[in-house]
**Student:** 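Please find one structure pasted underneath; my questions will follow.
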2 protein chains.
Amino acid sequence: MNATASSAEPITVMLVDDHPVVRDGYRRLLDSTDDIRVIAEAGDGESACALYAKRAPRVVILDLSMPGIGGLETIRRLRAKDPAARILVFTMHDSQAMVQRTLLAGAAGHLSKSRCIQQMVAAVRAVAAGKRYVETVEPPVSEPAPDGDGEPAALSALSKREFQLFCLLAEGRSVQDIARQLSISIKTVGTHHAAIMRKLVLHNRTELVRLAISCGVIPV
Amino acid sequence: MNATASSAEPITVMLVDDHPVVRDGYRRLLDSTDDIRVIAEAGDGESACALYAKRAPRVVILDLSMPGIGGLETIRRLRAKDPAARILVFTMHDSQAMVQRTLLAGAAGHLSKSRCIQQMVAAVRAVAAGKRYVETVEPPVSEPAPDGDGEPAALSALSKREFQLFCLLAEGRSVQDIARQLSISIKTVGTHHAAIMRKLVLHNRTELVRLAISCGVIPV
DNA sequence: TAAAAATTAAGGTTTTTTCCGATTGTTCTT
DNA sequence: AAGAACAATCGGAAAAAACCTTAATTTTTA
C-alpha cells in the first residue's frame with residue numbers, strides 16, 4: 001500500500017499557515033507517515049519565501065488566507081524563485097474560482113480542508129512525484145495563458161473592458177451607476193457582468209467581492 | 001508541571017469542526033497529553049447535539065464557522081440541553097464582537113486559532129475545572145453591551161438573530177437558502193436584512209460583505 | 001405592568017441576473 | 001484578401017433576488 005518510499009529518502013515538506021495550532025496538527029499528521037517529514041514551518045508568506053531558500057523542501061503546503069502578502073502572492077514569489085517549486089494549496093476556499101486562481105498562480109495541487117486525511121497524504125505524495133493533484137471534477141479552463149507576470153492570475157481571462165467592469169462591480173457600484181459613468185447601456189453592463197461571472201466561475205456578487213478583495217483589486 | 005490529573009480520570013473532549021483534517025490534528029494534539037482524551041467528533045451542529053447526549057463529554061471544543069445551524073446556534077442548543085455544558089470556542093474569528101457573542105451564547109471560553117498549542121491545552125484544563133478562559137486582554141464579560149465607542153464593535157447594534165442573518169448574508173448565501181435553512185419565510189429574511197442595513201448604515205450587499213470581512217466575521 | 005425591542009410575516013416595487021439573439025469593429029490566420 | 005475568432009455594443013423577455021413599508025405577535029426590559 002504505502003510501499004512508496006519508506007526505504008528511500010522521505011518527502012520533505014514545509015508548512016505555511018498563520019495558525020500555529022493548525023500547523024502543529026498537520027505536522028503530527030504528516031509525521032505519522034513513514035515517507036513524509038515536515039522540515040520547516042512558516043506563519044506568513046515572507047518567512048516562507050526566506051525559509052524555502054534555506055531548507056529547499058520538496059513540497060510546500062500552504063493556506064491561502066494569511067496576513068501580509070497572502071497566499072496567492074506567496075505562490076507567485078516561490079515560483080519566481082524556483083520554477084520547480086511544488087506547492088500544494090490546502091485551504092477552506094474551495095470555490096471553483098479559487099481553485100482556478102491558485103493553479104494559474106503556479107500551484108501544483110489544490111485540496112479543500114473539508115477532505116479527509118487520506119486525501120491529504122495522497123496529495124502530498126502525488127505532488128512530490130511531479131503530478132498535479134486537484135480534487136475538482138472538471139477542468140473549467142484548459143490553458144488561458146499561465147503568464148503570471150502581470151496582475152492577478154485568473155483575472156487575466158478577462159478582457160480589458162471586463163476587468164474594468166469587474167472592479168466597478170466589486171466596489172459595490174450599481175449597474176445603473178456603472179452604465180451612466182461609462183456612457184453605455186445597462187444591457188451592455190449586464191452582458192459584461194454575465195461574461196465575468198462565467199469566466200471566473202462565480203455565482204453571485206458576494207463571491208465577486210471576496211475574489212476582488214483577495215486579489216487586491218479593492219481594499220478591504 | 002502537569003501533575004494535574006494523570007492518575008485521576010482524564011478530561012473527556014468532543015471536537016466539533018467541519019474539517020476532518022483539522023479535527024484529526026486537534027485529536028492528535030490533545031491525545032498526546034496525559035490528562036485529556038478525545039472521545040467524540042462531529043462535523044456539524046446537529047450531529048454535535050446528538051452526540052453530546054450520548055457521550056456526555058466534559059468539554060466541547062468547537063469552531064464557529066460551520067455549515068448548517070452554525071457555531072453560535074450550536075452553543076445555544078447545547079446549553080439548552082445541558083446548562084452545565086462546558087464549551088470552548090476555538091476559531092479564527094477573534095474580533096471583539098465575536099468573542100462577546102460566543103460568551104453571551106453560553107460558551108465558557110474563547111481562544112483564537114492564532115494562539116499557540118500550550119494555550120489550547122491550558123484552556124481545556126481551565127474550562128474543565130469550571131473556570132472561564134478568555135484570551136482577550138480585558139474582561140469583556142462584565143457588561144453585555146459596551147457599545148457607543150464607535151467602529152470596533154459596530155456589530156453589537158445587531159440582535160442575535162440579526163447577527164446570524166448578517167453572517168449568512170455575508171457568506172453569499174441566497175435569501176432563499178437562508179430562509180430554507182432557518183425555516184422562516186423569505187419575507188422575514190428580507191425584514192432582518194433591511195434592519196441590518198439600517199442599523200449598520202449600509203447601502204448594498206457589497207458593503208455588507210466588506211464590513212463582514214474587515215470585522216473578521218468571515219475569512220477573505 | 002407598560003414600554004421597548006425582537007421576531008415573524010406579507011404586499012409591492014425596484015434591481016439584478018440570466019438567456020436569448022444581433023450588430024459592428026478588430027485581430028489573426030490561412 | 002477572405003474567413004474565423006473575439007471584443008464590445010445593444011435589446012427583449014423573464015426569472016430571481018434585493019429592497020421598502022407596514023404590521024402582528026412574542027419576548028425582553030425597565
Side-chain angles (χ1 to χ4, degrees), chain A residues 96-97 141-145 155-209 211-212, chain B residues 69-70 72-73 76-77 79-80 101 104-106 143-148 155-212:
Chain A
Q96 285 284 348
V141 141
S142 41
E143 54 268 287
L155 299 183
S156 61
L158 303 180
S159 71
K160 245 188 253 182
R161 192 62 153 175
E162 283 164 354
F163 183 77
Q164 185 182 16
L165 270 290
F166 175 80
C167 296
L168 293 171
L169 287 168
E171 282 174 9
R173 311 285 296 276
S174 77
V175 173
Q176 277 185 353
D177 267 356
I178 296 173
R180 239 196 319 268
Q181 176 177 327
L182 300 182
S183 300
I184 58 179
S185 162
I186 292 179
K187 292 299 187 177
T188 306
V189 177
T191 303
H192 285 309
H193 182 257
I196 293 168
M197 301 296 273
R198 181 176 44 78
K199 286 185 178 179
L200 301 182
V201 202
L202 301 172
H203 302 89
N204 52 46
R205 192 84 162 244
T206 300
E207 287 185 9
L208 191 150
V209 173
L211 175 61
Chain B
I69 61 175
L72 283 176
E73 181 59 24
R76 291 190 204 102
R77 293 195 189 180
R79 296 278 293 184
R101 285 187 186 274
L104 287 176
E143 53 277 311
D147 56 24
L155 299 183
S156 62
L158 302 182
S159 72
K160 247 188 267 183
R161 192 62 152 174
E162 283 163 355
F163 184 77
Q164 186 182 17
L165 270 290
F166 175 79
C167 295
L168 293 171
L169 288 168
E171 281 174 8
R173 311 285 297 274
S174 77
V175 174
Q176 272 189 352
D177 268 356
I178 297 174
R180 241 195 318 267
Q181 177 177 326
L182 300 181
S183 299
I184 58 179
S185 162
I186 293 178
K187 295 300 185 179
T188 306
V189 176
T191 304
H192 286 307
H193 182 255
I196 293 168
M197 302 294 272
R198 181 176 44 76
K199 285 185 178 180
L200 301 182
V201 201
L202 302 172
H203 302 89
N204 52 45
R205 188 86 165 248
T206 300
E207 288 184 10
L208 190 151
V209 173
R210 296 170 74 174
L211 175 63

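Chain letters run A, B, ... following the sequence lines, proteins first, then strands; residues in each count from 1. Side-chain atoms are counted along with the backbone in the values below, which use heavy atoms only and exclude waters and symmetry mates.
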**Student:** Which residue, A/Leu182, A/Ile178, A/Leu169, forms the side chain to side chain contact (heavy atoms under 4.5 Å, CB included) with A/Gln164?
**Tutor:**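 That would be A/Leu182; it is the only one of A/Leu182, A/Ile178, A/Leu169 passing the side chain to side chain contact (heavy atoms under 4.5 Å, CB included) with A/Gln164.
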**Student:** In this structure, how many angstroms lie between the C1' atom of D/dC19 and the CG atom of B/Leu200, rounded?
**Tutor:** 16 Å
**Student:** Base, sugar-phosphate, or nothing for B/His193, non-hydrogen atoms under 4.0 angstrom?
**Tutor:**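 Sugar-phosphate contact only.
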**Student:** Kindly say whether B/Glu207 contributes a backbone atom to a donor-acceptor pair with the side chain of B/Asn204 at under 3.5 angstrom?
**Tutor:**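 Flag set: sc B/Asn204 to bb B/Glu207 pair under 3.5 Å.
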**Student:** Ignoring backbone atoms, test whether A/Lys187 places a side-chain nitrogen or oxygen under 4.0 Å from the OP1 or OP2 oxygen of C/dT23.
**Tutor:** no
**Student:** When you get a sec, tell me which of D/dC10, C/dT7, D/dA7 is the closest nucleotide to the side chain of A/Lys199?
**Tutor:** D/dA7
**Student:** From CG of B/Leu182 over to C1' of C/dA9, roughly how many Å is that when rounded to an integer?
**Tutor:**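 Going from B/Leu182 (CG) to C/dA9 (C1'), I get 15 Å.
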**Student:** Is the shortest side-chain N/O distance from A/Arg205 to OP1 or OP2 of C/dT17 below 4.0 Å?
**Tutor:** yes
**Student:** How long is the straight-line distance from CZ of B/Arg161 back to CD1 of B/Ile184, given to the nearest 0.5 Å?
**Tutor:** 5.0 Å
**Student:** In whole angstroms, how far is the C1' atom of D/dA18 from the CG atom of B/Leu165?
**Tutor:**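 Whole-Å distance recorded here is 14 Å.
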**Student:** Take atom CD of A/Glu162 and atom C1' of D/dA7, then tell me their distance rounded to the nearest Å.
**Tutor:** 8 Å
**Student:** Roughly, in whole Å, what's the span from NE2 in B/His192 to C1' in D/dT26?
**Tutor:**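 Computing the B/His192:NE2 to D/dT26:C1' distance gives 13 Å.
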**Student:** In whole angstroms, how far is the P atom of C/dA6 from the CZ atom of B/Phe166?
**Tutor:** 16 Å
**Student:** Can you tell me how far C1' of D/dA8 sits from CD1 of A/Ile186, to the nearest Å?
**Tutor:** 17 Å
**Student:** Verify the contact: side-chain N or O of A/Thr191 to OP1 or OP2 of D/dC10, cut-off strictly under 4.0 Å; return yes or no.
**Tutor:**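 So the side-chain polar atoms of A/Thr191 never come under 4.0 Å of the phosphate oxygens OP1 or OP2 of D/dC10.
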**Student:** Just how far is it from atom OG of B/Ser159 to atom NZ of B/Lys199, taken to the nearest 0.5 Å?
**Tutor:**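 Going from the OG atom of B/Ser159 to the NZ atom of B/Lys199 covers 5.0 Å.
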**Student:** Hey, which of these two, B/Gly190 or B/Lys160, hits DNA chain C nearer its 5' end, going by closest nucleotide?
**Tutor:** B/Lys160
**Student:** Are B/Ile186 and B/Gln176 close enough that some pair of their side-chain heavy atoms sits under 4.5 Å apart?
**Tutor:** yes
**Student:** To the nearest angstrom, how far is B/Arg198 atom CZ from D/dT21 atom C1'?
**Tutor:**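 Taking atom C1' of D/dT21 as the reference, CZ of B/Arg198 is at 12 Å.
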**Student:** Return no unless some side-chain N or O of B/Gln176 is found under 4.0 Å from OP1 or OP2 of D/dA17.
**Tutor:**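 Checking B/Gln176 against D/dA17: at least one side-chain N or O falls below 4.0 Å of OP1 or OP2.
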**Student:** Name the nucleic acid region contacted by A/Ser174, choosing base, sugar-phosphate or nothing; use a 4.0 angstrom heavy-atom cut-off, strictly under.
**Tutor:** sugar-phosphate
**Student:** Under 4.0 Å between any heavy atoms, over every strand shown, what does B/Ser159 touch: base, sugar-phosphate, or nothing? Just pick one.
**Tutor:** sugar-phosphate
**Student:** Pick base, sugar-phosphate or nothing for A/Asn204, based on heavy-atom distances below 4.0 Å to the nucleic acid.
**Tutor:** nothing
**Student:** Answer with base, sugar-phosphate or nothing: what part of the nucleic acid does B/Thr188 contact at a heavy-atom distance below 4.0 Å?
**Tutor:**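 Base contact.
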